[in-house]
Amino acid sequence: MGSERKGDRNNYLIIRPENAGIGDIYRFLRAREGVRSTPFLETSLSDGGEEEEMMGKDNRWIIIVSVIVRKIIGFFGKPMEWTGLVVEFFLNLLSQNGDLLGLITNIFTGKLVIPLMDSDTYISTIGHLDGRVDLDKRALQEYFNYEGDDNNHKGSSPEIHMEFESKAMADLCMMAAKLAYENQYVVRNIVTHHWKMHFVDFYNCWNDFQKDKSTQVFILCDKPHDANLIMVSFRGTEPFDADDWSTDFDYSWYEIPNLGKVHMGFLEALGLGNRVKTSTFQYHLQATNLPLNGAHHPTNGKLEDTQYPVEAKYEGNGREGRESGLDEKEGTKEEGDIDFYDGDQPIAYYTVRERLKELLTEHNKAKFVVTGHSLGGALAILFPVVLELHKQEELMERLLGIYTFGQPRVGDWQLGKFMQARLESPVTKYFRVVYCNDLVPRLPYDDKTFLYKHFGVCLYYNSFYEEKSVDEEPNRNYFGIWYLIPEYLNAWWELFHTLTIGYTRGPEYKEGWLSILLRVVGLAFPGISAHSPTNYVNSIRLGRPPI
């Protein structure tokens with residue numbers, strides 16, 4: 001590797017917290033030079049200046065913080081999962097029985113309603129945190145061609161003005177990003193009956209590193225025929241999902257020649273490789289998107305096992321059977337499904353790409369938008385990055401834009417430079433929305449060690465919902481000492497604001513007890529509570545530019 005030119009090699013850095021003991025961490029911090037023998041680090045970098053600069057003593061603390069945080073998350077992974085299941089079930093039990101008093105009454109009268117997980121009434125924790133499902137009516141009146149009142153539009157779809165920078169489009173993107181946290185039945189119900197739009201499909205996609213269907217994405221059109229807009233929405237970091245949080249705090253990267261360093265965990269979430277065998281990233285991320293043996297992908301969107309070289313094939317990645325989608329019969333496959341290796345699992349990037357091709361052919365005037373909150377925002381921006389890398393020019397020409405909310409960093413400055421011409425000229429196509437002290441957009445750490453950098457236009461909202469267009473949010477690494485006191489003072493203000501906003505802004509902004517509880521948690525961890533989708537919905541709807 002050392003004999004290769006820097007531009008030709010596929011460098012990577014993998015941080016493996018499961019291999020880190022106390023003694024390993026101590027020796028890593030104390031080492032004067034050469035850290036290649038560290039058991040929790042795997043790197044392709046050759047001995048010499050590049051590695052020493054990256055692993056300098058002043059920079060090792062960042063790696064240690066990542067290791068410790070991810071070890072803590074891993075330790076509490078199963079308790080978090082079970083807690084999430086219990087909390088979500090209890091929230092649905094309360095809501096479907098008329099809150100606590102209704103629950104008690106129904107128990108004694110024999111009318112207790114038991115929530116069904118796979119139903120359009122079973123709402124996620126995020127959905128209970130912010131119960132709004134309808135689009136902003138004021139924005140609809142301004143940007144949708146409605147004729148008459150809402151009653152005249154039951155069963156019909158609004159004609160959408162193709163103004164990407166409009167408030168209505170931003171609100172639709174944020175609501176779709178929030179809706180992605182729900183199960184497929186809830187998503188279909190809200191898209192069809194509340195938004196009067198056309199639900200296309202919901203996909204549970206395989207992450208081969210996590211050995212789970214941990215990436216969710218859904219697609220909608222503004223109407224079933226002659227659509228103007230197609231929207232792709234990726235699910236973000238779930239509150240009790242340890243794997244999601246570990247991915248956010250993972251600083252591992254993979255370097256693509258002529259593109260830059262890209263966050264390895266987000267690539268895995270899109271199904272574009274597995275760090276267990278790093279050659280899989282090289283296979284998926286070739287600029288021409290061809291298998292190593294030179295064979296083309298079939299036009300029907302299926303990736304047959306025989307097309308893949310042995311060295312890129314994963315072992316033992318299959319589960320018994322498949323999770324069924326909407327209206328899917330046992331033993332059948334939906335159009336657009338993807339056969340992936342021996343596990344026959346749908347992969348997020350290829351599934352969405354092939355479905356988009358079909359939809360854009362069917363709706364020849366339509367353009368598409370990609371959106372997501374948190375981890376979903378990272379996938380939302382990486383998806384068009386890989387489309388551009390794979391030279392999917394016809395798809396990129398139909399890209400209307402990307403909205404992300406509370407999105408973590410996905411790569412280095414070179415990645416941003418690669419996408420700048422495509423997303424900023426001739427018009428801006430990428431808006432990265434950040435609310436106040438949200439911790440997640442400040443991850444991974446931005447310094448010379450990892451070179452993680454944001455790119456695109458940042459729409460920053462403070463706690464008064466005042467909007468500023470900036471290159472980077474204030475306090476870009478969150479832990480700056482000068483911001484510590486303002487962060488906690490702001491958390492107190494947000495708690496007070498939550499208790500009064502229903503009276504000052506209207507009943508639709510009133511927050512429930514779960515949201516208030518999160519604000520209380522924010523008094524200790526303001527960066528976590530600021531990440532709530534509630535803040536982003538409020539920012540879009542109440543936001544105003546500076547005077």
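FYI, the numbering just counts along the sequence from 1.
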Does [X] reach the side chain of [Y], with side-chain heavy atoms less than 4.5 Å apart?
{"X": "E388", "Y": "M419", "answer": "yes"}
{"X": "V67", "Y": "I15", "answer": "yes"}
{"X": "W245", "Y": "V69", "answer": "no"}
{"X": "S532", "Y": "D130", "answer": "no"}
{"X": "Y185", "Y": "F202", "answer": "no"}

NZ or CZ of K261 within 45° of W253 ring axis and under 6.0 Å: yes
Given V86, N92, L85, the one that forms side-chain contact (heavy atoms from CB on, under 4.5 Å) with E88: N92
For L356, the option from V200, T351, L395 that meets side-chain contact (heavy atoms from CB on, under 4.5 Å):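 Filter result, single survivor: L395.
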Do the charged groups of [X] and [Y] touch, with an N to O distance under 4.0 Å?
{"X": "R132", "Y": "E508", "answer": "no"}
{"X": "D136", "Y": "K167", "answer": "no"}
{"X": "R409", "Y": "E472", "answer": "yes"}
{"X": "R541", "Y": "D171", "answer": "yes"}
{"X": "K137", "Y": "D134", "answer": "no"}
{"X": "E42", "Y": "R16", "answer": "yes"}
{"X": "R432", "Y": "E473", "answer": "yes"}

Short side-chain to backbone donor-acceptor contact, R275 and F209, under 3.5 Å: no
Interatomic spacing from CD in Q407 to CG in D438 - rounded to 0.5 Å: 11.0 Å
Aromatic contact, H390 with Y349 (centres under 6.0 Å): yes
Centroid separation Y465 to H497 less than 6.0 Å: yes
